[in-house]
Amino acid sequence: MIRKALEYIVGLGEANVKEYVLPDGEKGLYSDKPLQRLETPVPVAEKLYLHTLTGLVDYIKSGADKFADKMIVEVQSPTNVHLYSKLNEKRCREYLIEVDAMVPEFGFDRFYEQENFCIALQSKFVPNEDRELLLKFAGTVEAGTVAQYGDDGVTQKATIKTGLTSKGEALIPNPVVLKPYRTFLEVDQPESAFIFRMKEGCGVECAIFEADGGTWQIEAMQNVKAYLEKELKGMKRFTVIA
């Protein structure tokens with residue numbers, strides 16, 4: 001205890017810094033006390049949160065804030081974009097903007113009641129040929145017939161209404177190519193394959209399962225990158241990466 005107390009008291013004194021010269025001529029400094037480096041804080045801006053690519057482009061073009069000589073726009077995911085400054089003298093980046101897309105929520109790999117599924121298809125998917133096919137099929141299939149004709153794990157059959165009083169047996173379409181809203185609305189939504197399934201629960205239930213291995217994300221990010229490069233064309237200090 002006494003030794004530690006003496007070492008503490010000695011440590012309170014002013015440090016003596018002297019120059020040394022090694023036999024090979026190398027010079028340096030040494031201190032008789034431990035020294036701690038004092039960091040000079042670099043002021044950074046408070047991060048802003050946006051929800052559209054248009055908002056990011058408008059902010060950059062407005063010139064409201066002074067930017068570094070080089071800025072990086074990073075497309076981090078189909079729904080997330082960041083704006084960074086170049087490395088400062090301490091090898092750190094200033095994180096200025098985070099953009100989070102607002103896209104409709106849809107539960108892939110989840111069964112929906114027949115009517116709710118049809119509503120979601122109309123409100124959360126871009127119109128295309130297969131969307132119209134699914135709407136027609138899911139809206140006319142008759143309850144109690146999905147399992148009636150069997151299911152081999154790949155194809156399903158059901159009875160659909162073909163007129164006011166007529167009915168017919170039909171294969172459930174598979175796979176289907178759809179364009180859900182999954183990225184920023186300013187860019188084209190990626191089109192990808194899905195497996196469509198139906199089952200009997202509390203009536204007819206429908207679900208779609210992603211079948212492209214997630215490659216749609218790469219396409220979506222490239223679409224966002226292309227949009228930003230076009231909008232920021234001529235502004236050489238901004239580099240867009242994805």
Side-chain angles (χ1 to χ4, degrees), residues 44-86 93-110 112 116-135 175-196 207-242:
V44 295
E46 184 178 350
K47 180 170 61 177
L48 295 177
Y49 295 90
L50 302 175
H51 296 289
T52 64
L53 298 177
T54 304
L56 174 62
V57 171
D58 288 345
Y59 166 72
I60 290 173
K61 290 183 175 180
S62 72
D65 292 321
K66 183 179 179 181
F67 295 110
D69 295 336
K70 197 70 176 177
M71 303 294 294
I72 297 175
V73 183
E74 179 194 18
V75 182
Q76 194 170 77
S77 77
T79 58
N80 190 258
V81 174
H82 296 172
L83 176 64
Y84 297 102
S85 70
K86 67 176 183 179
R93 300 186 190 280
E94 191 170 13
Y95 185 4
L96 297 174
I97 299 286
E98 180 173 347
V99 190
D100 289 306
M102 295 188 295
V103 296
E105 183 179 349
F106 181 84
F108 298 100
D109 308 343
R110 166 190 163 192
Y112 284 83
N116 290 335
F117 180 77
C118 291
I119 292 172
L121 274 181
Q122 295 178 78
S123 61
K124 301 177 181 180
F125 289 73
V126 178
N128 71 353
E129 184 177 343
D130 279 5
R131 191 198 77 159
E132 304 312 309
L133 176 64
L134 279 191
L135 278 172
V176 289
V177 178
L178 300 171
K179 298 180 71 173
Y181 290 107
R182 293 182 286 185
T183 187
F184 291 93
L185 301 184
E186 292 97 330
V187 305
D188 188 33
Q189 303 299 309
E191 194 172 61
S192 55
F194 293 87
I195 302 301
F196 175 53
I208 54 175
F209 300 81
E210 293 182 273
D212 72 339
T215 55
W216 71 269
Q217 298 181 63
I218 298 174
E219 182 183 347
M221 291 170 67
Q222 290 303 315
N223 289 347
V224 173
K225 181 176 184 286
Y227 173 87
L228 291 171
E229 286 178 333
K230 178 181 177 182
E231 293 298 317
L232 299 176
K233 186 177 181 180
M235 304 183 74
K236 296 183 179 180
R237 68 167 60 182
F238 292 91
T239 300
V240 183
I241 61 175

As an exercise, state the distance from [atom1] of [X] to [atom2] of [Y], rounded to the nearest 0.5 Å.
| X | Y | atom1 | atom2 | value |
| --- | --- | --- | --- | --- |
| Leu83 | Glu94 | CG | CD | 9.5 Å |
| Asp109 | Ile208 | CG | CD1 | 9.0 Å |
| Leu178 | Glu129 | CG | CD | 11.5 Å |
| Leu133 | Phe196 | CG | CZ | 9.0 Å |

Walk me through it: do Asn128 and Glu191 pass the test side chain to side chain contact (heavy atoms under 4.5 Å, CB included)? CA-CA 10 Å; Asn128 71 353; Glu191 194 172 61; 3.2 Å; yes
When you compare the side chain of [Y] with that of [X], does any pair of heavy atoms fall below 4.5 Å?
| X | Y | result |
| --- | --- | --- |
| Phe108 | Phe194 | yes |
| Val103 | Thr183 | no |
| Lys179 | Asp188 | yes |
| Leu228 | Leu56 | yes |
| Leu134 | Val176 | yes |

Which residues pass the side chain to side chain donor-acceptor pair (under 3.5 Å) test with Arg182, sequence neighbours left out?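 With sequence neighbours excluded, Arg182 shows a side chain to side chain donor-acceptor pair (under 3.5 Å) to Ser192, Glu210, given in chain and number order.
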Partner set under side chain to side chain donor-acceptor pair (under 3.5 Å) for Thr52, not counting sequence neighbours: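 Applying side chain to side chain donor-acceptor pair (under 3.5 Å) to Thr52 gives none.
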Between the side chain of [X] and the main-chain N/O of [Y], is any donor-acceptor distance below 3.5 Å?
| X | Y | result |
| --- | --- | --- |
| Gln189 | Phe184 | yes |
| Lys61 | Glu231 | yes |
| Glu219 | Thr215 | no |
| Glu186 | Leu53 | yes |

Give a yes or no on whether a salt bridge exists between Glu229 and Lys233, defined as a side-chain N under 4.0 angstrom from a carboxylate O. no
Between Lys86 and Asp69, does at least one N-O distance fall below 4.0 Å, as a salt bridge requires?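 Yes, charged N to carboxylate O under 4.0 Å.
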Which residues satisfy the salt bridge (Lys or Arg N to Asp or Glu O under 4.0 Å) test with Glu132, sequence neighbours excluded? none
Salt bridge (Lys or Arg N to Asp or Glu O under 4.0 Å) partners of Lys124, counting only residues at least two apart: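 Lys124 satisfies salt bridge (Lys or Arg N to Asp or Glu O under 4.0 Å) with no residue once adjacent residues are dropped.
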Using the rule given for side chain to side chain contact (heavy atoms under 4.5 Å, CB included), can you reason through Thr54 versus Tyr227, listing the C-alpha separation, both sets of side-chain angles and the distance that settles it, and then say yes or no? CA-CA 10 Å; Thr54 304; Tyr227 173 87; 3.6 Å; yes
Ignoring hydrogens and angles, write down the donor-acceptor pairs under 3.5 Å from the side chains of residues 71-81, residues two or more places apart or on other chains.
from  : atom 1 : to     : atom 2 : distance (Å)
Ser77 : OG     : Thr79  : N      : 3.3
Ser77 : OG     : Asn80  : N      : 3.2
Asn80 : OD1    : His82  : NE2    : 2.6
Asn80 : ND2    : Glu98  : OE2    : 3.3
Asn80 : ND2    : Asp100 : OD1    : 2.5

Check: Phe125 ring centroid to Phe106 ring centroid under 6.0 Å: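 Aromatic pair counts; centres sit under 6.0 Å.
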Looking only at heavy atoms, the pair that brings Ala211 and Ile195 closest together is CB-CG1, 4.0 Å
Looking at every heavy atom in both Asp130 and Pro175, which two are closest together, and how far apart are they?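 That closest heavy-atom pairing would be OD2-O, 4.5 Å.
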Quick one: which residue pairs count as a ring pair (Phe, Tyr, Trp, His ring centres under 6.0 Å) with a foot in residues 56-78, not counting sequence neighbours? Tyr59-Phe67, Phe67-Phe238
